[in-house]
Amino acid sequence: MPELPEVETTVRGLSRVLDGRRIASVEARRPDLRRPLPVDLGQRLTGARVIHLHRRAKYGLIDTDRGDTLIFHLGMSGRWRINPSEIEKHDHLLIRTDDGTRLALNDPRRFGSLDLVPTAQLAEWPPLAALGPEPLDLTAQELRRRLNGRSASIKLLLLNQGIVAGLGNIYVCEALYRARIHPNRPGGSLSLDRLKRLVPAIKDVIQEAIDAGGSTLRDFASPEGELGYFSNSFAVYGREGLACGCGGTVRRIVQGGRSTFYCARCQR
DNA sequence: AGATATTCCTGGAGGC
DNA sequence: TGCCTCCAGGAATATC
């Protein structure tokens with residue numbers, strides 16, 4: 001499931017083939033993903049030159065010299081394929097550049113999105129404006145301020161993109177494990193000392209995953225198609241019933257309708 | 001306002 | 001083998 005590290009890996013991969021290139025053609029093969037695609041997507045992108053690619057939380061941002069930014073979100077199952085040998089089922093958007101590179105955005109579950117926003121108005125675009133800080137920029141003091149007064153579990157609060165932006169289920173589970181914090185702890189009750197364990201744990205797990213080129217669960221592949229390998233490094237995620245290094249056993253509970261994996265012995 | 005539940009979608013896994 | 005049910009999950013939306 002693409003979280004921040006997978007999106008970062010995707011943006012870096014796309015950057016290698018898109019940065020500086022002119023978009024020769026755009027083909028939307030269906031009118032919507034989770035939302036309708038911009039009706040003028042092809043018209044506004046065709047002929048534009050890509051001048052910068054970047055990322056905010058789990059959004060990939062492609063700036064063009066026409067003053068527009070193409071914003072993609074990979075949802076649950078989205079991935080970009082570069083120079084695919086053939087069009088596959090669920091290739092919803094096709095882009096060809098002036099040097100003949102072909103890109104296909106493939107998203108079977110269609111939880112992803114595509115938007116086109118004037119670059120000058122990016123900061124005010126509601127989905128971006130609502131985001132909390134990047135986890136790699138976070139401090140314990142800032143997180144404490146954002147958790148202050150919140151009674152919901154730290155697990156669910158870390159999934160809230162308005163508090164910290166870019167974390168998903170996998171990396172929240174892994175970060176809480178590394179910080180030895182029980183996922184059910186009310187977020188507002190965590191001491192500054194515990195947040196001083198948690199914030200570096202978040203940064204470490206995110207950075208390690210970026211360095212590993214993104215993890216792969218079922219359906220993530222970096223744009224070139226090679227699989228990331230961080231999933232081999234999960235300490236708790238998807239490991240229900242297996243042993244923790246402390247001698248405890250990894251448990252699975254459901255919070256907010258989604259699975260949380262943790263060790264009840266070392267996470268308190 | 002915050003907490004909680006529901007919704008979207010497909011493919012893969014597991015049961016029988 | 002085939003049919004069925006369940007599950008995965010990000011974020012918008014609805015409801016209390």
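Lettering of chains follows the sequences in order, A, B, ..., and the numbering in each one begins at 1.
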>> Please determine whether a side-chain nitrogen of the Lys or Arg among A/Glu8 and A/Arg12 lies less than 4.0 Å from a carboxylate oxygen of the Asp or Glu.
In response: yes
> Under 4.0 Å: is that the gap between some side-chain N or O of A/His90 and OP1 or OP2 of B/dC9?
Replying inline: no
> Starting at CG of A/Leu131 and ending at P of C/dG10, how long is that distance when rounded to a whole Å?
Replying inline: 14 Å
> Rounded to whole angstrom units, what separation is found between the CD atom of A/Glu88 and the P atom of B/dT10?
Replying inline: 16 Å
> Hydrophobic clusters join Ile, Leu, Val, Met, Phe, Trp and Tyr when side-chain heavy atoms are under 4.5 Å apart, directly or via other members; which others share one with A/Leu242?
Replying inline: none
> Atom CZ of A/Arg30 and atom P of B/dC8: how far apart are they, to the nearest Å?
Replying inline: 14 Å
> Within the structure shown, what part of the strands sits under 4.0 Å from A/Arg34 by heavy-atom distance: base, sugar-phosphate, or nothing?
Replying inline: base
>> Can you measure A/Arg258 atom CZ to B/dT6 atom C1' for me and round it to whole angstrom units?
In response: 11 Å
>> Between C1' on C/dA8 and CZ on A/Arg239, what's the gap in Å once rounded to a whole number?
In response: 19 Å
> Partners of A/Arg96 by salt bridge (charged side-chain N to carboxylate O under 4.0 Å, His left out), sequence neighbours excluded?
Replying inline: none
> If you link I, L, V, M, F, W and Y whenever their side-chain heavy atoms are under 4.5 Å apart, who else ends up in the same group as A/Leu61?
Replying inline: A/Tyr59, A/Ile71, A/Val117, A/Leu122, A/Trp125, A/Leu128, A/Leu131
> Considering only C/dA8, B/dG11, B/dC9, which nucleotide approaches the side chain of A/Lys89 most closely?
Replying inline: B/dG11
> C/dG10 P sits how many Å from A/Arg109 CZ, rounded?
Replying inline: 11 Å
> Over how many whole Å does the gap from A/Leu33 atom CG to B/dC9 atom P extend?
Replying inline: 12 Å
> Hey, can you pull the residues of residues 134-161 of chain A with a non-hydrogen atom under 4.0 angstrom from DNA chain B?
Replying inline: A/Arg150, A/Ser151, A/Ala152
> With respect to the side chain of A/His73, which nucleotide from B/dC9, C/dG10, C/dA12 is positioned closest?
Replying inline: C/dG10
> Rounded to whole angstroms, how far apart are CG on A/Leu4 and P on C/dG10?
Replying inline: 12 Å
> Regarding A/Asn184 and A/Ser153, is there a side-chain donor-to-acceptor distance under 3.5 Å anywhere?
Replying inline: no
> Using a cut-off of less than 4.0 Å, is there contact between a side-chain N or O of A/Ser259 and OP1 or OP2 of C/dA8?
Replying inline: yes
>> Can you identify which nucleotide, out of C/dA12, B/dT10, C/dG10, has its nearest atom closest to the A/Lys58 side chain?
In response: C/dG10
>> Could you work out, with side-chain hydrogen bond (donor to acceptor under 3.5 Å, both in side chains) as the rule, every residue matching A/Asp98, not counting sequence neighbours?
In response: A/Arg21
> Quick one: is C/dA8 close enough that its OP1 or OP2 comes under 4.0 Å of any side-chain N or O from A/Arg252?
Replying inline: yes
> Which pairs pass salt bridge (charged side-chain N to carboxylate O under 4.0 Å, His left out) with one or both residues in residues 181-203 of chain A, sequence neighbours excluded?
Replying inline: none
